[in-house]
Amino acid sequence: MRGKLSERKIKKRLKEGLEIICLDTTDSTNNEAKRELENGRSAPLLIAAREQTAGRGRQGKSFYSPKDTGVYMTLCLPVNENSGSFLSITSAAAVAVCRAIESLGSARPRIKWVNDIYVENRKVCGILCERFGDFVIIGIGINLTTSVFPKDIKRAGALGYGDTNALVAEITNQLLSLKDCSYPDFIEEYRSRLLLTGKRITFIKNGGTLHGLALGVDESCGLMVRLESGEEITLTSGEISITEF
């Protein structure tokens with residue numbers, strides 16, 4: 001991985017000016033963002049760290065964040081009339097991350113609904129969006145050179161390369177370019193990158209485990225699924241497992 005985290009190097013690559021905080025370590029960049037906003041910082045605000053000691057993912061899961069092997073960042077933006085639902089914000093963030101990774105030389109990234117980024121059938125990135133007062137907080141963790149993972153982390157992988165500062169800056173540029181876009185502006189790209197379409201999946205709904213075929217996403221980024229019974233439903237939240245890649 002080329003280059004330690006540097007505010008100067010990130011700022012040099014940004015297309016828009018914004019406040020940047022770079023840290024050696026933090027519990028979570030999302031948590032750090034909330035503390036900064038509580039203390040009067042304004043948005044847009046970018047926070048990045050060399051490591052997280054308690055990185056967080058969706059559904060209460062943790063995100064493994066060892067020092068200097070990944071990108072751990074949070075972008076805070078003010079909520080406005082174009083902010084949309086959390087599904088649309090998360091899907092926009094997923095598209096932004098895919099564009100950034102691809103622009104820096106990776107194979108084409110794919111999206112596992114709703115917020116995980118895969119390269120060559122391995123998860124390399126997770127996204128956690130949260131609302132905090134009048135702000136939306138977009139947390140992103142990417143495995144760049146991480147080679148050893150805890151045993152309970154399945155199908156994890158890493159890009160195998162990376163200029164940390166370039167990737168943080170490019171993700172930020174892409175996110176800022178999408179922040180005022182309406183959902184239709186990026187839904188087709190989201191669909192084209194969706195890993196699940198046509199695959200058998202398993203998910204939990206109302207305490208029960210169900211199986212079905214993923215059909216794609218609707219206009220609100222809900223996941224359309226045909227159950228084994230033939231019934232078609234749309235999921236707006238939950239954890240999805242792919243039966244086979």
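The analysis underlying the following values was restricted to heavy atoms, covering all of them including side chains, and did not include hydrogens, waters or symmetry mates.
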Could you check whether any side-chain heavy atom of Ser241 comes within less than 4.5 Å of a side-chain heavy atom of Phe203, counting everything from C-beta outward? no

Is Leu178 reachable from Val114 through a run of I, L, V, M, F, W or Y residues, each pair having side-chain heavy atoms under 4.5 Å apart? yes

Heavy-atom side-chain contact between Leu45 and Leu18 under 4.5 Å: no

Here the gap from Ile140 atom CD1 to Tyr72 atom OH, rounded to the nearest 0.5 Å, amounts to 14.0 Å

Any non-hydrogen side-chain atom of Arg108 less than 4.5 Å from a side-chain atom of Ser192? yes

Would you call Ile137 and Leu37 a side-chain contact if the rule is heavy atoms closer than 4.5 Å? yes

Output, in order, the C-alpha distance, side-chain angles, deciding distance and verdict of side chain to side chain contact (heavy atoms under 4.5 Å, CB included) for Glu232 and Leu215. CA-CA 9 Å; Glu232 293 187 6; Leu215 304 176; 3.8 Å; yes

Approximate separation, where rounding is to 0.5 Å, of Met224 CE and Leu235 CG: 11.0 Å

After noting the C-alpha distance and the side-chain angles of Leu159 and Ile101, does the key distance pass the side chain to side chain contact (heavy atoms under 4.5 Å, CB included) rule? CA-CA 9 Å; Leu159 293 180; Ile101 290 174; 4.0 Å; yes

Derivation of the side-chain hydrogen bond (donor to acceptor under 3.5 Å, both in side chains) call for Thr26 and Arg50: CA-CA 8 Å; Thr26 186; Arg50 293 173 62 191; over 6 Å; no

Residues pairing under side chain to side chain donor-acceptor pair (under 3.5 Å) where one sits in residues 203-212, two or more places apart or in two chains, turn out to be Thr202-His211

Look up atom OG in Ser6 and atom NZ in Lys4, then write down how far apart they are to the nearest 0.5 Å. 12.0 Å

Leu213 with Ile201, same ILVMFWY side-chain cluster at under 4.5 Å: no

Residues Arg13, Asn173; criterion side-chain hydrogen bond (donor to acceptor under 3.5 Å, both in side chains); working and verdict: CA-CA 9 Å; Arg13 292 175 176 268; Asn173 287 333; over 6 Å; no

Can you check whether Gly222's main-chain N or O pairs, donor with acceptor, with Ser220's side chain at less than 3.5 Å? no

Rounded at 0.5 Å granularity, tell me how far SG in Cys129 sits from CD1 in Ile89. 6.5 Å

If hydrophobic clusters are built from ILVMFWY residues whose side chains come within less than 4.5 Å, do Leu176 and Met73 share one? yes

When clusters are formed by joining ILVMFWY residues with side-chain heavy atoms under 4.5 Å apart, either directly or through shared neighbours, do Leu227 and Ile242 land in the same one? yes

Does Glu120 have any salt bridge (Lys or Arg N to Asp or Glu O under 4.0 Å) partners at least two apart in sequence or in another chain, and if so, which? none

State whether the side chain of Arg110 and the backbone N or O of Arg193 hold a donor-acceptor pair below 3.5 Å, judged by distance alone. yes

Check against side chain to side chain contact (heavy atoms under 4.5 Å, CB included), Val97 and Ile127: CA-CA 9 Å; Val97 171; Ile127 299 168; 4.2 Å; yes

Going by atom types alone, do Ser91 and Arg191 pair a side-chain donor with an acceptor below 3.5 Å? no

Just checking, is any N or O donor in the side chain of Ser65 or Glu51 under 3.5 Å from an acceptor N or O on the other one? no

Tightest non-hydrogen contact, residues Leu77 and Pro44, listed as CD2-CB, 3.9 Å

In the structure I gave you, are the side-chain heavy atoms of Asn115 and Leu128 within less than 4.5 Å of one another anywhere? no

Kindly say whether Val79 contributes a backbone atom to a donor-acceptor pair with the side chain of Asp134 at under 3.5 angstrom? no

If only atom types and distance count, is the side chain of Thr90 paired as donor or acceptor with the main-chain N or O of Leu87 below 3.5 Å? no

Closest heavy-atom pair and its distance - Pro78, Ala43: CD-CB, 3.8 Å

Is Ile21 linked to Leu175 within one hydrophobic cluster, defined over Ile, Leu, Val, Met, Phe, Trp and Tyr using a side-chain heavy-atom separation of less than 4.5 Å? no

When you measure from the side chain of Gln52 to the backbone N and O of Thr29, does any donor-acceptor pair fall under 3.5 Å? yes

Look at the side chain of Asn143 and the backbone N and O of Thr146, then say whether any donor-acceptor pair between them is shorter than 3.5 Å. no

With sequence neighbours left out, write down each residue that passes salt bridge (Lys or Arg N to Asp or Glu O under 4.0 Å) with Arg35, or none if nothing qualifies. Asp27, Glu32

Less than 4.5 Å apart, side chain to side chain, heavy atoms only: is that true for Thr234 and Val225? no

So, Arg56 and Asn31: side-chain donor and acceptor under 3.5 Å apart, yes or no? yes

Yes or no on side chain to side chain contact (heavy atoms under 4.5 Å, CB included) for Leu167 and Asp163, after CA distance, side-chain angles and deciding distance? CA-CA 6 Å; Leu167 192 50; Asp163 181 325; over 6 Å; no

Any sub-3.5 Å donor-acceptor pair from Arg155's side-chain atoms to Asn121's backbone N or O? yes

Of the non-hydrogen atoms in Gly157 and Phe149, which two are nearest, and what is the gap between them? O-CZ, 3.7 Å

Identify whether the distance between the nearest side-chain nitrogen and carboxylate oxygen of Glu38 and Lys34 falls below 4.0 Å. no

Residues Asp116 and Gly126: closest non-hydrogen pair is OD1-CA, 3.9 Å

N-O pairing of Arg99 and Glu170 below 4.0 Å: no

Atom pair CD1/CG of Ile10 and Asn165 - distance to nearest 0.5 Å: 5.0 Å

Which atom of Cys98 lies closest to which atom of Ile111, heavy atoms considered: SG-CG1, 3.7 Å

Can you see which heavy atom on Leu144 is nearest to which on Ala158, and at what distance? O-CB, 3.5 Å

Please tell me if the side chains of Ile204 and Leu210 come closer than 4.5 Å, counting only heavy atoms from C-beta onward. no

Validation row: Lys12, Glu7 side chains within 4.5 angstrom (heavy atoms): no

Are the side chain of Tyr190 and the backbone of Ser88 linked by a donor-acceptor contact shorter than 3.5 Å? no

Between the side chains of Asn30 and Thr74, is a donor N or O closer than 3.5 angstrom to an acceptor N or O? yes

Quick one: OH on Tyr118 to SG on Cys125, what's the gap to the nearest 0.5 Å? 11.0 Å

